[in-house]
Every structure is written in structure tokens, then in C-alpha cells.
Amino acid sequence: ESAFDGCTGLTVVTIPNSVTLIGKSAFDGCTGLKEVTIPNSVYWIGESAFDGCTGLTKITIGNSVTSICSRAFYGCTGLTEITIPDSVTKIRDYAFYGCSSLKSVTIGKGVTEIGECAFSSCNIDTIICRADNPPKLDEHYYEPTSFDKFETLIIPIGCKDKYNKSSWEHYIKEETSEYVNDEDDEFPSYHYENDIDWLKEAYCAMGGDPENYRGGDSLDNIMDYDGY
């Protein structure tokens, strides 16, 4: 615990494969730290492990981590995106609270629980949640607290009803819901957002002729070619 706590001059760290856990406050307040790769040997990221690492712009989490503890990345204001691997089951309270530059979050298939204010006070545009079963969100007075708000939610195809019937319904916007193909992955997903301009892009990405695009409020209404 607190192995490098407050080492503001630390800019680079290499975590060897012999390490299996990152203890409480291990790099707390290391404001000069820029980039961290957590190897596949690590299964645990402890409480406040990277709390206040304001210079941290990139974090790669290995495939063996099962839990991201409370305040693990609290106040990492330089982070712009984060991918939670499929091995993670729980993202604890305030894990990414105050990551004010965070725009994109990918949540792995194995996540079952996202704690209180885990991603609050961020500025998230897009969440990709790969979990077929919607992770349980922390709620106060029937209102979820895990996120403040975000613009776009992408979830696995066929899971729309599950998410609508869960606490995620508070974040899902009403106007558009259809599947698109994420260019960075192969799985098709439902896509929720306010603006329906993306439909033309989705139509073309799935093989539609741009000249035949005639608009509509869902892909079901605009697909008009062989195979759909």
C-alpha cells in the first residue's frame, strides 16, 4: 500500500508480470504519471490506486483484473477514454469520479455491478456496454447515480428490452433505437441517441446504396435492398 504515494516526479512506470495486485493508494497523487499498462498478471486494482493522477492520459487494464476498487482512478482529469476488460465484474463506488475529460467508456461483457457515482462528474459522450445482462447500477430513491448523463449508449443486439426494464432506462433516450455495426468490433449493437442523422451512415455501412436512402425514424423503415 502507498508504495509510490505522492511521487509527483514519477512520469513512467513499468509494472512487471510478477505483480498480481496494485495495492491501496499505490500511485495516489502521482501527478506526473502519463501512461500506465496493467499487465495480465494483475487481478486487483486497489482503492485509490491512481487517485489524483491528473497527468495520466492513457491506462490499459489487463485481461485478468476482476475488480476496480473505490476511487481507483478518482480525479484522473487527463483520461479521455477507458476500456474495461471482460474479466472485470465490479466497478466500485467513485472509481472514475471526476475524470472530467473522459469522453468514451467501454464496459466489458463480464461487468455485473457499477457502484455509486462510479462515472459521475465526467463528460462522457459515448458508452459501449458489451454485457448482455445490464450491469446493476447504484440507485438512490430509484434514480441511478453511477453516471451523470451521456449522449450515446451502444448495447448488444437483442438486449434492448433488458436494458429498458433495468435502471439503465433512466439513461436511454426515446427517439431512436436500432442496431448498427461498431467499426472497432464485430458485434452488432443497439444504438440509442437523440439525433437520427446516424441512420444514413448505418444504412450505408450495412450495404445500402446512398442514392436509395429515403430517410425514416429507424433502420426497419429505411432498409430496402436484398438481404434485409
Shared ILVMFWY cluster between I127 and Y94, side chains joined below 4.5 angstrom?
-> no

State, yes or no, whether a side-chain contact exists between S67 and R92 at a heavy-atom distance under 4.5 Å.
-> yes

Taking the side chain as every heavy atom from C-beta outward, state whether F96 and V105 have any pair of such atoms under 4.5 Å apart.
-> no

Exercise: identify the closest heavy-atom pair between T112 and K90 = OG1-CG, 4.4 Å

Cluster overlap I61 with Y74, hydrophobic side-chain contacts below 4.5 Å = no

Can you list every pair that meets side chain to side chain donor-acceptor pair (under 3.5 Å) and has a residue in residues 46-65, with sequence neighbours left out?
-> S48-D51, D51-R71

Out of curiosity, S166 OG to E139 CD, how far, rounded to the nearest 0.5 Å?
-> 8.5 Å

Closest approach of G98 and C122, non-hydrogen atoms and distance?
-> N-SG, 4.4 Å

Got a sec, which pairs hit side chain to side chain donor-acceptor pair (under 3.5 Å) with one end in residues 118-128, sequence neighbours left out?
-> Y97-S121, S120-D148

Check: F27 and V36 side chains under 4.5 Å, non-hydrogen atoms | no

Enumerate the residue pairs fulfilling salt bridge (charged side-chain N to carboxylate O under 4.0 Å, His left out) with a member in residues 11-22, sequence neighbours excluded, ordered by first and then second residue.
-> none

Under the 4.5 Å side-chain heavy-atom rule for ILVMFWY, direct or indirect, which residues accompany Y43?
-> L21, W44

Quiz: residues 75-85 side-chain donor-acceptor pairs under 3.5 angstrom, not counting sequence neighbours:
none

Taking every non-hydrogen atom, the tightest pair across G46 and C69 = C-CB, 3.5 Å

Sequence-distant partners of K162, side chain to side chain donor-acceptor pair (under 3.5 Å), two or more places apart = N133

Would you indicate whether the side-chain heavy atoms of P135 and C129 approach each other to under 4.5 Å?
-> yes

Just wondering, do W168 and I155 contact through their side chains at under 4.5 Å, heavy atoms?
-> no

With side-chain contact (heavy atoms from CB on, under 4.5 Å) as the test, would you mind laying out the steps for F50 and I38 before giving the verdict?
-> CA-CA 12 Å; F50 296 92; I38 298 175; 4.2 Å; yes

When rounded to the nearest 0.5 angstrom, what distance separates OG in S101 from CG in L56?
-> 11.5 Å

